[in-house]
Amino acid sequence: MNAHLSPEEIVRREALVKIREKGIDPFPAAEFVINDNAVNAKSNYEEGKSVTLAGRIMNQRVMGKAIFADLQDSVGKIQLYLNADEICPGEDKSFYNDVIKHLLHYGDFIGITGVLFTTKMGEISVRVQHLTLLAKSIKPLPVVKKDAEGNVYDAFTDPENRYRMRYVDLVVNDKVKDTFFKRTQIINAMREFFNTSGYLEVDTPVLQNIPGGAAARPFITHHNALDIPMYLRIANELYLKRLIVGGFEGVYEFSRNFRNEGMDRTHNPEFTVMEIYVAYKDYHWMMDYTEKMLAHVCQKALGSTTVQLGDKTLHFQPPFKRISMTQSILENTGFDITGKSEHELFEFCKSIGLEVNDTMGKGKLIDEIFGAKCEKTYIQPTFITDYPVEMSPLCKRHRDNPSLTERFELMVNGKEIANAYSELNDPIDQLSRFEEQMKLMERGDDEAMFIDHDFIRALEYGMPPTSGMGIGVDRLVMLLTNNETIQEVLLFPQMRPEKPIQGPDLNAFKAIGVPEEWLEILPKAGYVDIAHLKDAKPTAIHQQLNGYRKKHKLEIAAIQLDDVLGWLQKVN
RNA sequence: GAUCUCGUAGCUCAGCCGGUAGAGCAAUACACUUUUAAUGUAUGGGUCCUGGGUUCGAGUCCCAGCGGGAUCACCA
């Protein structure tokens, strides 16, 4: 049964047995009470202080009757000094010699009690008096080593393995845990900011009848009892506005959204957006509020409003630059979109080499121009304001210009981070905007919005003037943790599923009369299951198996052709 | 979805013009009571991603597939 295990795994499983034979439980149930951690023990160092710590053994340097090892706990590492006489004060040194030296492995969880001291090399360490095995690790972790200059050797770097086995990544790669600590600090800082303002955190449906609030392809599922299609939410916007209709002053939600679109280093099928809606406010207020909120988040999570991102330094100190979309396009292309017809925009797009087609309305064409020529130029936080009405079906028309909307997006490092409106609260205008979207859908735009009649009904009861803002949490975390891929800031990013390891069906072979000693050889010779046998010629099977036997010099009786014929008879 | 590129030991990687599968770390054994990429000696460990093809002979060349990465397109 150990055929599929690596030699190291077999050693560890054997160690498990030997540990049990010595009367030690390798997976004890009892609580292990610690009174300190690796980082605190070092920063509040007191010579001779007794500490009890728990964590993984990460590196052992065996020196005969003494061992140096690193203990890695939830916050960091501390060196252990394991001395035979210290741990086994009496005559019997077998716990040290047999268990610690030979049955403990890299990655095992242990608990220790000992006293703090400093080695002659100046390293704060624990002189261990008691050691308890807390959990055996029977699969070897990748061994990552670091030298005195901080150079890392044999790092566990393969992105596929790191993301698939994040639990391993977190153990062996120091910086990974820090990113996720920061992620939570960022989210906590936002929550704290909104709560201090007196706004209410709410939960709205993830499973929706109509996937509204954004333009994107949804994931579709089915509700059996109601026998209707249901959608995973692409946004929560329309539900939060219903709550403003219901009378809340301000509501916000950290919303896990799902979009059935491409995956790359800035897109994951599920991602997190924070959306907030506040009654009686407009988008000017929301710009001020967003600036303050981001400054607060940077200060809380990073201790500064200055953020290093690669070779760029970003400044989140308010006020941020503000520029209208029309002005931005004019500055970056020399083209004034004011009053231009769809045809004129279409021709301009073609003239600057953009790929356009006739499913694109005015809004989408302008968006193309902005995306291609303007977006990337805004590295420092910049509010882009006053988008064309065609691009923003949920946004109130601009108070001074009905062809524009009261909308802003916040650009940082050439990417959209936040999006906000003075929310459209005129139910009649909202319905006609939805109908425009339906026309786009009929033209072939599969990301146009559905009409949500219940949402219209809510607006008909009356929604106060409201400003709403959504912020891409994952992308914000990327910015603030200096990561270039979304996979680095999601604990478990979406991956193509691993192919199940096809366990050869040995029982089926047994059932047709394959002898015990040949059971495991069949799959190795290429016959993974009965179907493979069935499709092959008996003579080929016969030769293949005996060929394998010869090649590997197996000390078992050769298979006769009659045996193979016998198996095949039972198959049919 | 398109293009480029990669897939060899538990980890990081070599492997030339096609000719017996390699190193370091990890593992095992021995030595070593202040090491920290510990050290020294010895040993074991491989479906060279999968399937075809060319060839006397394929890790290597060709084709297809699977998986990863990068770039681009769409999207936040």
Side-chain angles (χ1 to χ4, degrees), chain A residues 3-12 14-15 58-70 77 79-86 96 101-102 105-107 117-123 125 127 139-164 168 172 214-217 234-235 257-273 354-355 364 367-368 371-372 409 415-419 445-447 470-476 478 484-487 495-499 502 523-526 528 548:
Chain A
H4 61 288
L5 296 174
S6 70
E8 278 187 61
E9 288 175 281
I10 293 168
V11 164
R12 289 184 181 216
E14 285 168 359
M58 291 307 282
N59 188 7
Q60 283 168 284
R61 299 175 288 281
V62 180
M63 311 273 304
K65 293 200 175 59
I67 299 170
F68 286 91
D70 294 328
K77 282 184 192 170
Q79 179 168 264
L80 305 182
Y81 175 65
L82 302 155
N83 181 307
D85 295 332
E86 198 97 27
Y96 175 87
K101 242 165 117 173
H102 289 111
H105 291 101
Y106 180 82
F117 76 110
T118 306
T119 66
K120 73 178 184 191
M121 299 302 289
E123 176 93 15
S125 307
R127 186 189 303 276
K139 206 172 183 67
L141 288 164
V143 180
V144 179
K145 297 210 169 189
K146 219 191 254 185
D147 68 15
E149 282 81 46
N151 300 313
V152 178
Y153 298 84
D154 300 335
F156 180 61
T157 52
D158 180 358
E160 174 174 12
N161 288 331
R162 285 187 51 229
Y163 302 151
R164 280 197 203 283
V168 173
V172 303
R217 276 186 288 271
I234 55 174
N257 294 345
F258 304 83
R259 297 191 183 173
N260 205 341
E261 286 164 351
M263 295 160 55
D264 59 30
R265 58 186 229 281
T266 53
H267 297 87
N268 194 64
E270 56 181 295
F271 62 103
T272 304
V273 171
L354 297 180
E355 280 185 34
K364 200 141 191 176
D367 196 31
E368 288 291 320
E409 288 196 350
K415 300 251 166 55
E416 178 197 336
I417 287 298
N419 182 19
D445 184 345
D446 57 357
E447 288 175 348
I471 184 161
V473 171
D474 309 303
R475 291 193 177 174
L476 180 65
M478 284 164 65
E484 288 184 352
T485 72
I486 197 169
Q487 286 78 15
M495 303 286 285
R496 197 180 292 270
E498 281 180 277
K499 265 203 277 188
Q502 285 183 0
K524 289 179 183 171
V528 182
Y548 187 92

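Everything numeric in this text was worked out from a predicted model, so none of it was measured. Just so we're on the same page: letters track the sequence lines, and every chain starts at 1.
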* Asked: Do A:F117 and A:Y81 have ring centroids that are under 6.0 Å from one another?
  -> yes
* **Complementary nucleotide of B:A9, counting Watson-Crick and G-U pairs under 3.5 Å** => none
* Structure fact -> Nearest-nucleotide check on RNA chain B, A:D85 vs A:Y163; residue mapping nearer the 5' end is A:D85
* **A:F68, nearest nucleotide to its side chain (from B:G68, B:U34, B:A76)** => B:U34
* **Strand partner of B:U43, provided both Watson-Crick or wobble distances fall under 3.5 Å** => B:A27
* Report the C-alpha separation of A:Y153 and A:D147 in whole Å, then their side-chain angles, then the decisive distance to 0.1 Å, and conclude whether the side chain to side chain donor-acceptor pair (under 3.5 Å) test is met. => CA-CA 8 Å; A:Y153 298 84; A:D147 68 15; 2.7 Å; yes
* To do: Measure the distance between the ring centre of A:Y153 and the centre of the six-membered base ring of B:A37, then answer whether it is under 5.5 Å with planes under 30°.
  => yes
* Asked: Taking the same atom, C1', in B:A14 and in B:G1, what whole-Å distance lies between them?
  -> 36 Å
* Structure fact -> Whichever of A:Q487 and A:E416 has the more 5' nearest nucleotide on RNA chain B, that residue is A:Q487
* Asked: Under a 3.5 Å cut-off for both distances, is B:G69 Watson-Crick or wobble paired, and to whom?
  -> B:C4
Do any N or O atoms of the protein come closer than 3.5 Å to N or O atoms of nucleotides 26-31 of chain B, and which pairs are they?
{"from": "B:A26", "atom 1": "OP1", "to": "A:K145", "atom 2": "NZ", "distance (Å)": "3.0"}
{"from": "B:A26", "atom 1": "O2'", "to": "A:E8", "atom 2": "OE1", "distance (Å)": "3.3"}
{"from": "B:A26", "atom 1": "N3", "to": "A:E8", "atom 2": "OE2", "distance (Å)": "2.9"}
{"from": "B:U28", "atom 1": "OP1", "to": "A:H105", "atom 2": "NE2", "distance (Å)": "2.8"}
{"from": "B:C30", "atom 1": "OP2", "to": "A:H102", "atom 2": "NE2", "distance (Å)": "3.3"}

* Under a 3.5 Å cut-off for both distances, is B:U33 Watson-Crick or wobble paired, and to whom? -> none
* Asked: Who does B:U60 pair with, Watson-Crick or G-U, both distances under 3.5 Å?
  -> none
